[in-house]
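To start, the structure under review is shown below, and the notes come after it.
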Amino acid sequence: MATDRGRQAFADVMTFPAPAESTPTSAGLLDFVFAEVWQRPGLSRRERRFITLPCVAAADAEGPLRDHVYAALNSGDVSFGEMQETALHFAVYAGWPKASRFAMTVDEQWQRIHDERGQAVPPPEPLLPLSTPSDPEQRLAVGEQAFKDINCLGFAPPRDHPFHGAGILNFVFGEMWLRPGLGMKERRLVTVACVAFQDAPYPILSHVYAALKSREVSFDEMDELALHFAAYYGWAKAVNLSQVIEEQKVRVTGEWAAEGAPG
């Protein structure tokens, strides 16, 4: 059943011992997911956290969510502030109800870690001042430009529409994507994982395209994302994601060639 290599890999990633039971499922988890997938060189362990976390948060799996939040924080791979930003980003792309459970788990595991270390939880970072404009006109203008830049498009949606103006331009791109607490590459990883399990054809296409076109996620890294996603959200959805990735590689390569940019 599960090998010593699989158990050691689990302990390294999760920061606590591997489960004692020996079943086909546990053996596959240890010897494939942890000893093979997590160890592949295409993405760092830290980067793989930002694929795993949205998957387990969306799966309504209380134990895996708790364990992976704990491991990401306890290992030091993800800071508390980055974890809070991940929950906020997840809320936009996977829904606020699931994100509320995610955010509660982050707070609970942060408290647990400090209790285990015999330390007091540090006071929270102040929310204000925001780094984005408060003036409504400026905020929408910033959102329009960010929408174009982040999505690698030459247009933005119309302002005079509640979903587009108040939601997409004012908050999603006028605030969330620009918040300094999480890097752009990490936000790309979280977003692609979220749209991959949402079964929304255009968001999968557009966010895979933008991540590749921006060069913030390389072709090889995107392939690794799909494999890691398969391990945590299922092979059927990962096959669909992989098909989109291959299509968008062709599209992006063609656009780079037309622009005279190196591939």
Side-chain angles (χ1 to χ4, degrees), residues 47-73 78 80-110 124 127 130 132 139 143 146-147 150-151 156-157 161-179 181-211 217 225-226 228-241 244-245:
E47 289 165 343
R48 292 181 184 278
R49 304 279 191 197
F50 293 101
I51 305 165
T52 308
L53 288 164
C55 287
V56 294
D60 300 321
E62 189 76 14
L65 174 59
R66 178 190 63 241
D67 291 347
H68 280 286
V69 167
Y70 174 85
L73 291 171
V78 182
F80 181 60
E82 289 174 324
M83 190 68 81
Q84 290 179 310
E85 289 294 327
T86 299
L88 174 61
H89 201 100
F90 174 87
V92 167
Y93 286 99
W96 294 87
K98 287 180 183 288
S100 67
R101 179 65 257 179
F102 187 1
M104 289 172 61
T105 302
V106 170
D107 290 341
E108 291 165 359
Q109 297 309 305
W110 190 235
L127 176 65
L130 296 176
T132 47
R139 191 174 177 86
F147 181 94
I150 292 167
N151 289 294
H161 185 289
F163 178 81
H164 294 145
I168 298 297
L169 298 179
N170 181 68
F171 177 67
V172 177
F173 290 95
E175 167 67 20
M176 189 203 67
W177 273 92
L178 304 179
R179 288 177 59 82
L182 194 61
M184 187 60 69
K185 182 175 185 178
E186 289 79 9
R187 292 189 184 277
R188 298 283 194 192
L189 298 176
V190 172
T191 304
V192 172
C194 286
V195 296
F197 58 62
Q198 292 285 13
D199 302 318
Y202 183 72
I204 299 175
L205 181 158
S206 65
H207 283 291
V208 168
Y209 165 79
V217 180
L225 188 161
H228 199 97
F229 175 86
Y232 280 94
Y233 213 86
W235 293 91
K237 287 182 184 286
V239 167
N240 181 57
L241 174 59
V244 174
I245 290 169

Check: Taking only residues two or more places apart in sequence, or in another chain, which ones meet Trp177 in a side-chain hydrogen bond (donor to acceptor under 3.5 Å, both in side chains)?
Finding: Tyr93

Margin query: To the nearest 0.5 Å, what is the distance between CG on Leu130 and CG on Leu178?
Written below: 11.5 Å

Notebook entry, point to check: Do the side chains of Glu175 and Arg139 get nearer than 4.5 Å, heavy atoms only?
Noted result: yes

Next item on the list: Might you point out which heavy atoms bring Val56 and Pro64 nearest each other, and give the distance in Å?
Entry: CG1-CB, 4.0 Å

Margin query: Within the 4.5 Å heavy-atom criterion, are Ile204 and Gln198 side-chain neighbours or not?
Written below: no

Item checked: Side-chain touch Val208/Leu241, heavy atoms, less than 4.5 angstrom -> yes

Next item on the list: With sequence neighbours left out, write down each residue that passes salt bridge (Lys or Arg N to Asp or Glu O under 4.0 Å) with Arg101, or none if nothing qualifies.
Entry: Glu62, Glu108

Check: Quick one: are Ile150 and Arg188 in side-chain contact, heavy atoms under 4.5 Å?
Finding: yes

Item checked: Set of residues satisfying side-chain contact (heavy atoms from CB on, under 4.5 Å) with respect to Pro157, sequence neighbours excluded -> Phe147, His164, Ile168, Leu169

Next item on the list: Describe, in one word, how the ring planes of Tyr233 and Phe229 are oriented to each other, choosing from parallel (under 30°), tilted (30 to 60°) and perpendicular (over 60°).
Entry: parallel

Checklist line | Ala72 to Met83 - nearest heavy-atom pair and separation | finding: CB-CE, 3.5 Å

Notebook entry, point to check: Less than 4.5 Å apart, any side-chain heavy atom of Ile245 and any of Leu225?
Noted result: no

Check: SG/Cys194 to CG/Leu189 distance, rounded to the nearest 0.5 angstrom?
Finding: 11.0 Å

Check: Under the ring pair (Phe, Tyr, Trp, His ring centres under 6.0 Å) test, which residues partner Tyr70, sequence neighbours left out?
Finding: none

Check: How about Gln109 and Phe80: do any of their side-chain heavy atoms sit closer than 4.5 Å?
Finding: no

Let me have the donor-acceptor pairs involving side chains of residues 84-91, under 3.5 Å, with sequence neighbours excluded, atom names and distances please.
| residue | atom | partner | partner atom | Å |
| --- | --- | --- | --- | --- |
| Glu85 | OE1 | Arg179 | NE | 3.0 |
| Glu85 | OE1 | Arg187 | NH2 | 3.1 |
| Glu85 | OE2 | Arg179 | NE | 2.9 |
| Glu85 | OE2 | Arg179 | NH2 | 2.7 |
| Thr86 | OG1 | Glu82 | O | 2.8 |
| His89 | ND1 | Arg187 | NH1 | 2.9 |
| His89 | NE2 | Thr191 | OG1 | 2.6 |

Margin query: Once ring pair (Phe, Tyr, Trp, His ring centres under 6.0 Å) is applied, do any residues pair with His228, and if so which ones, sequence neighbours excluded?
Written below: Trp38, Tyr232

Checklist line | Beyond-backbone contact of Val69 with Phe102, side-chain heavy atoms, under 4.5 angstrom | finding: yes

